[in-house]
*Asks:* 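Take this structure, written in structure tokens, and hold onto it; I'll ask about it next.
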Amino acid sequence: MRTNVMGILNVTSDSFAESTPLVTGDVVDLDAAVARGMALADAGADIIDVGGESTRPGAQRVPEDEELARVLPVVRALAAEGLHVSIDTTRAAVAGACVDAGAAIINDVSGGTADPGMLSVMADSGVQVVLMHRRGESSDMYAQAVYADPLAEVCAELARAVDAAVAAGVSTERIVIDPGLGFAKTPEHNWALLRALPTLVSLGLPVLIGASRKRFLGELLAGADGSPRAEGGRDHATAAVSALCAAAGVWAVRVHEVASTADALAVGAAMRPIGDDAVHTRALMTHGATIRLSGIEAFGRHGVFDFEREHGQQFTVDAQLWLPHAPQADSLHETIDYSAVAAHIERLIAGEPVNLIETLAESAAAELLSTYSCSRVAVTVHKPHAPMAAVFGDVSVTVERSR
Ligand code: PMM
């Protein structure tokens, strides 16, 4: 899977991205906004995310008619140029009008919760929707950045947003999730969520990540006096995050400066290890197919500590099996029965304890390869509750073996 670049076009007076604001008073510089959108596309953006309201911490809300007046002409003009446009709004009326004007994505930082009419607009529009996690609103979100387990809580709250959208009639194929870096999150929470990207991706819905120029990057790169690096100096770090997001299988990264992210993604794609698209594509070109299983959970007693052997914990495994030939007939006999593989993996997790997840991944890969008629396997073992003092989202090991 190729990671998409979502270029940010904030039609606001205080954007991170614009050297000259696109809005002065209540006047929008439409030509400049459209030129900026075209420049983002020329630099490699697959999607242009148009927003008319700042979501920065402490930002005041813009009246609905003003937000609409800012974004609608820009969305209409960019869509007419054939660009894939996303509308970044929490308001149902703005989303609906922009979809009518050609927007192909509704990006709602409130995950469909801010406006009671949003979910039905999402359902009726038929377009792709981004449900982002946040708590509170821009004015009060820092007070709500309190988590015992950021990954588990963000996943649970996102799952509620997804369930509500599905109940309102949004099909799951249209839903993208976003952990909402910086929205009711401290830098530690943001890093914990980024470390846990494989887990977020393994939830099975496309993932969008918006790290661009955010304060946690400024704090990471703080000067000797401790003051955060200014926004304009955070693009190299943003590009690094983009490359790592792509390696983790993220669907899209939302960035201000597109060129450096596009370059970083090109490098990442060239270096991508065996076990992803490159191999997948090669397998398909030689008439093969790939079976992917993710998130197989079971209870095991692996670990070096006595208490791990005694109490056990949950392990999760992802596996990929490459079939040398795609099935010619629509028959289970011509392929590998994935339910058998899943049951096999469950037995291995629950089986004889070993010290290291490396050993478990290695023996699982060897056993799958010898049991099933595949030419190659990749096995990732996750140990999300590994005993460590550090705050972390997941730890995993991947082993790949071929005949
Ligand atoms: N961040 C901002 C605005 N919109 N949308 C999504 N889906 N994810 C984000 O992380 C996100 C967003 C704030 O950044 P900006 O003010 O630079 O646009």
Side-chain angles (χ1 to χ4, degrees), residues 3-19 21-23 33 36-37 40 45 47-62 67 70-71 74 85-91 94-95 98 103-114 118 122 127-135 137-139 141-142 154 158 161-162 165 175-185 187 189-190 193-194 197 200 205-218 230-232 234-235 237-238 241-242 245 250-258 261:
T3 298
N4 295 295
V5 182
M6 181 184 259
I8 301 171
L9 180 52
N10 283 332
V11 191
T12 59
S13 50
D14 66 343
S15 165
F16 277 1
E18 318 305 333
S19 42
L22 297 173
V23 179
R36 166 92 187 136
L40 290 170
I47 303 161
I48 311 298
D49 191 38
V50 179
E53 191 178 43
S54 175
T55 48
R56 290 173 167 220
Q60 292 306 307
R61 297 220 61 180
V62 171
E67 185 189 348
R70 289 177 179 188
V71 292
V74 181
V85 179
S86 153
I87 173 67
D88 184 352
T89 186
T90 59
R91 289 186 170 121
V94 175
C98 287
I105 302 175
I106 299 172
N107 172 22
D108 182 353
V109 297
S110 80
T113 62
M118 181 59 106
M122 287 178 168
V127 300
Q128 205 162 17
V129 305
V130 178
L131 301 177
M132 199 197 79
H133 175 271
R134 75 170 186 188
R135 286 178 180 173
E137 300 209 6
S138 303
S139 51
M141 61 188 174
Y142 276 142
V154 168
L158 274 176
V162 171
I175 299 178
V176 175
I177 53 171
D178 180 338
L181 301 181
F183 287 81
K185 319 247 169 20
H189 299 143
N190 296 327
L193 291 165
L194 284 173
L197 276 180
L200 285 169
L205 292 172
V207 175
L208 170 66
I209 294 292
S212 186
R213 296 187 183 172
K214 284 189 177 165
R215 189 176 168 90
F216 74 107
L217 296 179
E231 285 154 13
R234 300 174 189 170
D235 286 332
T238 300
V241 175
S242 296
C245 284
V250 161
W251 170 77
V253 286
R254 182 180 179 279
V255 296
H256 300 88
E257 207 278 309
V258 165
T261 273

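Remember, it's 1-based here, ligands and their atoms both numbered in the order they're listed. Below, all heavy atoms of this structure are taken into account, side chains as well, without hydrogens, waters or symmetry copies.
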*Asks:* Does any donor atom in the side chain of Arg134 or Thr90 lie under 3.5 Å from an acceptor atom in the other side chain?
*Replies:* no
*Asks:* Quick one: list whatever passes side chain to side chain donor-acceptor pair (under 3.5 Å) with Asn107, sequence neighbours left out.
*Replies:* Asp49
*Asks:* Is the closest basic N to carboxylate O distance between Arg254 and Asp88 below 4.0 Å?
*Replies:* yes
*Asks:* Give a yes/no verdict on whether any heavy atom in His256 is under 4.0 Å from an atom of ligand 1.
*Replies:*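 For ligand 1, residue contact (heavy atoms, under 4.0 Å) with His256 is present.
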*Asks:* Treating Thr238 as the side-chain partner and Arg213 as the backbone partner, does any N or O pair qualify as donor plus acceptor under 3.5 Å?
*Replies:*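 Yes.
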*Asks:* Could you check whether any side-chain N or O of Glu53 sits under 3.5 Å from a backbone N or O of Val62, counting only pairs where one atom can act as donor and the other as acceptor?
*Replies:* yes
*Asks:* Rounded to the nearest 0.5 Å, what separation is found between the CD1 atom of Ile47 and the CD1 atom of Ile8?
*Replies:* 12.0 Å
*Asks:* With respect to Asp49, determine whether any N or O atom, backbone or side chain, lies less than 3.5 Å from an N or O atom of ligand 1.
*Replies:*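 No, since none of the N or O atoms of Asp49 sits under 3.5 Å from an N or O of ligand 1.
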*Asks:* Please list, in number order, the atoms of ligand 1 under 4.0 Å from a heavy atom of Gly210.
*Replies:*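 Checking each atom against Gly210, I get 10 (O).
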*Asks:* Taking 4.0 angstrom as the limit and counting only heavy atoms of Asn107, give me the atoms of ligand 1 inside it, by number and element.
*Replies:*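 Close to Asn107: 5 (N), 6 (C), 7 (N).
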*Asks:* Find all atoms of ligand 1 within a distance of less than 4.0 Å from any non-hydrogen atom belonging to Thr55, and give their numbers and elements.
*Replies:* 2 (C), 3 (C), 13 (C)
*Asks:* Run the numbers for me: atoms of ligand 1, each under 4.0 Å from some heavy atom of Val109, listed by number.
*Replies:* 4 (N), 5 (N), 12 (C)
*Asks:* Give me the atom names and distance for the closest heavy-atom approach of Ile175 to Pro206.
*Replies:* O-CD, 3.2 Å
*Asks:* Between the candidates Ile105, Asp88, Leu9, which shows the shortest non-hydrogen contact distance to atom 4 (N) of ligand 1?
*Replies:* Asp88
*Asks:* Which ligand 1 atoms, with their elements, are less than 4.0 angstrom from a heavy-atom of Val130?
*Replies:* 7 (N)
*Asks:* Quick one: which ligand 1 atoms are inside 4.0 Å of a heavy atom on Leu208?
*Replies:* 7 (N)
*Asks:* Of Met132, Glu231, Lys214, which has the heavy atom at the shortest distance from atom 1 (N) of ligand 1?
*Replies:* Lys214
*Asks:* Nearest non-hydrogen contact with atom 11 (C) of ligand 1 belongs to which option: His133, Arg254, Arg134?
*Replies:* Arg254
*Asks:* Test of understanding: with side chain to side chain donor-acceptor pair (under 3.5 Å), list the residues that count as partners of His133, not counting sequence neighbours.
*Replies:*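 Result, side chain to side chain donor-acceptor pair (under 3.5 Å) vs His133: Glu157, Lys185.
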*Asks:* At less than 4.0 angstrom from any non-hydrogen atom of Asn10, what atoms of ligand 1 do you find?
*Replies:* 15 (P), 16 (O), 17 (O), 18 (O)
